[in-house]
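Note that this is a predicted model, so its numbers are computed, not measured. Side chains included, hydrogens not; waters and symmetry mates left out as well; all remaining heavy atoms used.
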Amino acid sequence: TARTSCSDEIMCLVSDFLVFSWIDYFRKMTGKPTLDSLPFELVRQICSYLNYPSLCNLVLVSRVMSAAREDPTLWRAFVLRPRNNILVETILNTKRFSQLQSLCITVLNRANLSVIIQKPNIRCLEIDKVDDGLDKDDFAEGMLGLEAVALTGGDDNESRRTSCRVEQMAMLLIKMRNERSRNKIKRLTLTEYNLSSMDPNMFGECLSQLDSLSLDYCHPTPAQMSALFTRCTTKTNLKKLQLYYVELEAVDPDIFSQGIRNIHQVTFCSRWPSDNQIEKMFESLNDATNLKELDLNGKDLSCVDPDILAHGVNRLERLDISFTQLTQHQLERIFQQAVLRTSLRYLDITGNIHRWGADIKQEVQDLIKTRVAVKW
């Protein structure tokens with residue numbers, strides 16, 4: 001049994017209702033039940049629900065739809081990925097993409113960076129590779145004007161390329177720290193960037209001021225992660241933290257727990273906190289903590305104290321503890337506590353069903369009645 005959000009279905013039904021209501025209205029008024037009869041504002045709203053191929057097909061339907069395709073607002077929210085890196089400037093200069101906000105490019109070089117800087121409407125940039133010849137100062141200056149940056153460093157053994165990437169990233173962090181009035185970066189995603197050589201204090205100071213941070217195969221050191229969590233214990237803007245393949249066990253459990261509790265949404269993947277760190281984290285949670293959403297999918301929690309686990313689980317709003325080897329006693333304590341008092345709105349315990357007894361299944365049913373969506 002699973003109760004999941006139906007907001008997408010509701011939006012589709014609402015959209016269908018509006019479309020057919022307007023078509024019916026204009027059919028009565030004009031005798032023409034066609035899409036061309038709809039006000040352009042409604043056409044734009046309909047198009048906002050379509051993906052790129054569907055939108056391209058729709059504009060072939062009629063002249064009105066064909067004319068609508070040049071409206072920049074229809075394409076503003078699309079994430080554009082040009083196949084040819086050379087054509088980036090040409091594409092961005094068209095009327096259709098003049099208000100584009102998100103762009104993915106295969107290689108960021110000096111020419112493309114110059115074009116992007118001249119397009120203040122571009123707020124989000126995903127880069128598969130930064131050209132080795134791009135000056136580190138130019139790179140950092142260009143990134144400061146964006147709201148969201150996603151960078152892939154690449155996993156190669158060429159020392160020159162690795163050195164260039166490290167220097168570019170180090171300069172970006174320096175600019176983020178020293179040019180705070182000009183720095184607009186709120187969301188940063190780093191994949192396959194070796195950050196281990198960077199100063200821990202600068203690492204913690206800069207990254208804790210982001211709204212969202214994702215590190216994947218970035219090899220931060222225990223000192224760097226300790227500096228980040230230490231910063232988060234006192235003052236942080238972080239609302240979302242995603243850590244993939246990041247070693248955490250060397251971080252002091254008290255610093256870890258005090259830092260985590262101030263971040264709204266946290267995801268761990270493939271490398272998890274120790275049992276001691278998790279217990280400290282769950283113990284520290286209360287109604288005043290900022291941590292509301294937690295993903296521990298795949299972490300073996302079987303050794304975590306059942307009472308501490310039950311306390312922490314029921315202080316969260318959304319929790320994924322699927323495939324975590326939960327014991328029957330842990331499950332019983334979680335649901336017993338949940339029936340008495342819980343902040344939960346969504347709980348994923350998939351993969352622990354082989355440990356369930358009849359009593360636990362009944363407790364799940366009781367929990368569902370309290371309007372908690374349970375996936376099991």
*NZ of Lys280: more than 12 outside heavy atoms within 6.0 angstrom?*
no

*Using the six-membered ring of Tyr346, assess whether NZ or CZ of Arg318 lies under 6.0 Å from its centre and within 45 degrees of the ring axis.*
yes

*asked:* Looking at Ala140, is its backbone amide N or carbonyl O close enough to the side chain of Asp137 to form a donor-acceptor pair, meaning the two atoms are under 3.5 Å apart?
replied: no

*Is any side-chain heavy atom of Phe139 closer than 4.5 Å to a side-chain heavy atom of Leu108?*
yes

_Regarding Glu247 and Arg271, does a basic nitrogen lie under 4.0 Å from an acidic carboxylate oxygen?_
yes

*Any chance you could lay out the salt bridge (Lys or Arg N to Asp or Glu O under 4.0 Å) test for Arg345 and Glu317, step after step, and finish with the verdict?*
CA-CA 5 Å; Arg345 295 293 175 266; Glu317 293 180 0; over 6 Å; no

_For a 4.5 angstrom cut-off between non-hydrogen side-chain atoms, does Ile334 reach Leu309?_
yes

*Could you check if a side-chain atom of Leu344 sits within less than 4.5 angstrom of a side-chain atom of Asn314, using non-hydrogen atoms only?*
yes

*Test applied, ring-ring contact (aromatic ring centres under 6.0 Å, His included); reference residue, Tyr217; option that passes from Tyr193, Tyr245, Tyr244*: Tyr245

*Glu126 and Arg81 ion-paired at < 4.0 Å*: yes

*asked:* Tell me the closest heavy-atom pair linking Ile308 and Phe282, and the distance in Å.
replied: O-CB, 3.6 Å

*Please determine which of Asp295, Ile278, Val246, Leu248 meets the side chain to side chain contact (heavy atoms under 4.5 Å, CB included) test together with Phe268.*
Leu248

_Please check this pair: side chain of Gln168 against backbone of Asp131, looking for a donor-acceptor N/O pair closer than 3.5 Å._
yes

_Between Thr230 and Ser208, is there a side-chain heavy-atom distance shorter than 4.5 Å?_
no

*Do Leu146 and Val115 belong to the same hydrophobic cluster, where Ile, Leu, Val, Met, Phe, Trp and Tyr are linked whenever their side-chain heavy atoms lie under 4.5 Å apart, directly or via other members?*
yes

_Salt bridge flag under 4.0 Å for residues Asp275 and Lys299_ = yes

_Non-hydrogen side-chain atoms of Val313 and Gln337 separated by less than 4.5 Å_ = no

*asked:* Could you check whether any side-chain heavy atom of Met281 comes within less than 4.5 Å of a side-chain heavy atom of Leu294, counting everything from C-beta outward?
replied: yes

_Can you confirm whether Leu291 sits close enough to Val266 that some side-chain heavy atom of one is under 4.5 Å from a side-chain heavy atom of the other?_
yes

_Carboxylate-amine/guanidinium proximity below 4.0 Å for Lys240 and Asp211_ = no

_Candidates Lys136, Arg182, Arg110 - the one meeting salt bridge (Lys or Arg N to Asp or Glu O under 4.0 Å) with Glu141_ = Arg182

_Side-chain touch Leu190/Met169, heavy atoms, less than 4.5 angstrom_ = yes

